[in-house]
Amino acid sequence: MIDKTLAERGASARLECEVNGSPVSIGISPSTRLLSVLREELKLTGTKRSCEIGRCGACMVLVDGKPVNSCLTMAYQCSGKKITTIEGLANEEKLHPVQQCFLEEGGYQCGYCTPGMIISVKAMLDENPNPTMEQIEEAMSGNLCRCTGYGGILRSIARAIEIGGQPNDR
Amino acid sequence: MAMNQEELLRSPAVWQPRTVEEAVGLKQSLGADSAYAAGTTLLRTQWEAGTAAVPKHLIDLGSIEDLSGISETENGLRIGSMTSLTQCRNSGLVGERAPLLADAVKAIAGWSVRNLATLGGNVMYRVGDSVPALIALNAELEWRDGSQLILESAEEWASAPSAASRILTAIRIPGGDGDPTSNAKRFYAYHKVGRREAFTPSLVTVAIQGTLEADGSISAIRIAAGGGQTTPSRLTRAEELLLGESLRAERLQEVHEAVLDQYAPKADPFATDLYRKQTAANLVAAALWTTSQSTAAKG
């Protein structure tokens, strides 16, 4: 039996957080994966489901500005946090500069890893606008691409660094 | 749309204690159907792989105050168990006082996983890649069981883990700035070998921390090795061969033999124990050789 004080420590079955700048409040089991919250509850399907063990980076999102694998993150860990998905990067008129660079430099083929790649690049440039190749490799080592051979992706990153990849930031 | 039915069925209840005492109380009440949860990156991976059952209850250690943060103490560093691996990796204090740990943490998973994962979680894994570094650093683990503070060396924990419902609250790393008048030089090396360069599970992990005197002799050394599912432990025979000695080529050959002899890795279908032994011996000998060369060049 759990005593009365401890019984009050059960996590809420309601997730309150901010997603792409808008407040969100949904009734959900606290251990639901953030990936499911985004794709199934909020219909934000730009965040991709792939390996589901945090290795491939297809489900990368920002939580309070830091990249995390949404397949490894649970709803209770997002309470009160600001979540940014690929849908939250562009504004109504314009793609985010990192998205624009991927488009112009051919940073994708099938496109499945691209939302996660772009999220990781944005997070890296927010933290360090002029990363070295070693720092790029470290920041991007959690994002796998099975099509491009990474050449186009590295070209897109180089271009994003060149133009300064973080205007229109929220 | 309703959430995925399978996921709903598998969703554990989450408890958010505010103190260590409450967390231990919950664990004792909920028993074997519950698990402490830190960054949860390992737990979720084990659930997906089917190597661990999804518990009915999760006890969130993230809701307890004061379990994260890095601070200087009289005797070195104190790192709260809920400090993320990214915080350890980026900490100036860790970089300065325990660069061996900074190197080890950098080699664990990728950036996004390190943002979630905690140093305490990696220690609790026992075969986590920070553990050889913590053993080489002679780190001490600080546990609380609700009322009592318990101190235990990282080495002791790795060799004989307790199943008590205590909570790891911090990792203490000894060693201050050192004596500024001494000519002794600290050296360290961390090497992890996996099947690819980055974001890879380890096959062999080696950590070395030592002190080289001005005359070229070694006055202190700790070497630890782990990797894969091998419980990290010290390579004491290699240490004994080096203590009080200089890093001569003939001595390093003996050290190589001693590592081959003492390191007892767990094999898997991808890498034999012989391969792992040879890799560990090569890594230790090469790291010591590199140290001897850089000292000779500076000397």
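In what follows, chains carry the letters A, B, and so on, assigned in the order in which the sequence lines appear, proteins first and then strands, with residues in each chain numbered from 1. Below, each value reflects all heavy atoms present in this structure, side chains not excepted, and no hydrogens, waters or symmetry copies.
In terms of heavy-atom proximity, Tyr76(A) sits nearest to Thr40(B) at OH-CG2, 3.5 Å. Heavy atoms only, all atoms of each residue included: Gln16(B) and Ala11(A) are closest at OE1-CB, 3.6 Å. The nearest pair of heavy atoms linking Asn90(B) to Glu127(A) is ND2-OE2, 4.3 Å.
Using a 4.0 Å cut-off between charged nitrogen and carboxylate oxygen, Glu48(B) and Arg33(A) count as a salt-bridge pair.
At most 12 non-hydrogen atoms from other residues, nucleotides or ligands lie less than 6.0 angstrom from CZ of Arg18(B).
Residues satisfying the side chain to side chain contact (heavy atoms under 4.5 Å, CB included) criterion with Gln99(A), sequence neighbours excluded, are Ile86(A), Leu89(A), Ala90(A), Leu95(A), His96(A), Ile118(A).
Both the backbone and the side chain of Ala123(A) come within contact range of chain B, each with at least one heavy atom under 4.5 Å from a heavy atom of that chain. Contact of Cys71(A) with chain B is made through the backbone alone, with heavy-atom distances under 4.5 Å. Contacts of Leu144(A) with chain B are made by side-chain atoms alone, with heavy-atom separations under 4.5 Å and no backbone atom involved. When heavy atoms are compared at a cutoff of 4.5 Å, Arg114(B) approaches chain A solely by way of its side chain, counted from C-beta outward. Neither the backbone nor the side chain of Arg39(A) has a heavy atom closer than 4.5 Å to any heavy atom of chain B.
Atom CG of Leu6(A) is separated from atom CG of Leu26(B) by 4.5 Å, given to the nearest 0.5 angstrom. Rounding to the nearest 0.5 Å gives a distance of 8.5 Å between OG of Ser11(B) and CD1 of Ile28(A). Here Phe199(B) contributes atom CZ and Glu138(A) contributes atom CD; the two are 12.0 Å apart, rounded to the nearest 0.5 Å.
Per-residue counts of heavy-atom pairs under 4.5 Å with chain B were compared for Met140(A), Glu137(A), Met124(A); the largest is that of Met124(A). Taking chain A as the reference chain and counting heavy-atom pairs below 4.5 Å, the highest number among Leu43(B), Leu116(B), Thr86(B) is found for Leu116(B).
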Scan the side chains in residues 100-111 of chain B for donor-acceptor partners under 3.5 Å anywhere in the protein, sequence neighbours excluded, and list what turns up.
{"unit_1": "Lys106(B)", "atom_1": "NZ", "unit_2": "Glu134(A)", "atom_2": "OE2", "d": "3.3"}

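Between Pro67(A) and Asn115(B) the shortest side-chain heavy-atom distance falls below 4.5 Å. Annotation: side chain of Ile59(B) is not in contact with side chain of Arg9(A) (no heavy-atom distance under 4.5 Å). Contact check for Leu58(B) versus Met74(A): side-chain heavy atoms found under the 4.5 Å cut-off.
Side chain of Ser31(A) to backbone of Pro12(B): a donor-acceptor contact under 3.5 angstrom is found.
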